[in-house]
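Accompanying notes for the structure given below.
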Amino acid sequence: MSALDKIGIRVAPFSHRIVLARFGVDPNLALETKDATSEFFQAIAEYAFDGKMPSVGEAAEASFGGGDQQFIMLIRRVDPAIALAQADAKSGGGADA
């Protein structure tokens with residue numbers, strides 16, 4: 001058994017963040033975790049766009065799954081100014097807040 005067999009990617013139950021976790025004997029009890037949300041999504045984007053930086057508005061699909069659980073994730077590069085404005089609107093922030 002490799003040491004990597006004791007490492008997994010999970011969603012943390014309380015923070016709902018994607019974490020890299022190290023497990024011991026109990027495969028459901030993480031001994032250590034590290035927030036890996038940003039790295040996880042960056043890796044998906046790099047995979048979907050084949051390592052190339054896409055133009056604003058360009059999209060790609062990443063397919064994954066097995067058996068009767070098949071998924072397609074659509075990833076689109078957005079203009080950073082638009083993404084920031086949308087994030088501010090969702091959080092109620094912005095210049096008027």
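Screening Met53, Glu58, Lys52 for a side chain to side chain contact (heavy atoms under 4.5 Å, CB included) involving Ser55 leaves a single residue, Glu58.
Of all the heavy atoms in Glu61 and Ala48, the pair that sits closest is O-CB, 4.3 Å. The minimum heavy-atom distance linking Ala60 with Phe49 is given by the pair CB-CE2, 3.5 Å. Heavy atoms only, all atoms of each residue included: Leu29 and Phe23 are closest at O-CD2, 3.4 Å. Shown here for Val11 and His16, the closest heavy-atom pair between the two residues is CG1-ND1, 3.6 Å.
Partners of Arg17 under the salt bridge (charged side-chain N to carboxylate O under 4.0 Å, His left out) rule, at least two apart in sequence or in another chain, are Asp35.
Linking ILVMFWY side-chain heavy atoms closer than 4.5 Å, directly or via other members, places Phe41 and Ile72 in two distinct hydrophobic clusters. Residues Leu84 and Val56 do not share a hydrophobic cluster, clusters being chains of Ile/Leu/Val/Met/Phe/Trp/Tyr side chains in contact below 4.5 Å. A continuous path of Ile, Leu, Val, Met, Phe, Trp and Tyr side chains, each step under 4.5 Å between heavy atoms, connects Met73 with Phe71, placing both in one hydrophobic cluster.
With a 6.0 Å radius and a threshold of 12 heavy atoms from other residues, nucleotides or ligands, Phe64 has its CZ atom above the threshold.
From Leu4, atom CG reaches atom CZ of Arg22 across 12.5 Å, with rounding to the nearest 0.5 Å. A distance of 8.0 Å separates OG of Ser63 from CD of Gln70, quoted to the nearest 0.5 Å. To the nearest 0.5 Å, the span separating CZ on Arg76 from CG on Leu74 amounts to 5.0 Å. To the nearest 0.5 Å, atom OG1 of residue Thr33 and atom CD1 of residue Ile18 are 13.0 Å apart. For the atom pair CD1 (Ile7) and CG (Leu20), the distance works out to 6.0 Å, reported to the nearest 0.5 Å.
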Discussion item. Using salt bridge (charged side-chain N to carboxylate O under 4.0 Å, His left out), reason through Lys34 and Glu39 one step at a time and then give a plain yes or no.
Written reply: CA-CA 11 Å; Lys34 176 189 181 289; Glu39 292 94 338; 3.3 Å; yes
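At a threshold of 4.5 Å between non-hydrogen side-chain atoms, the residues Ile44 and Ile75 count as touching.
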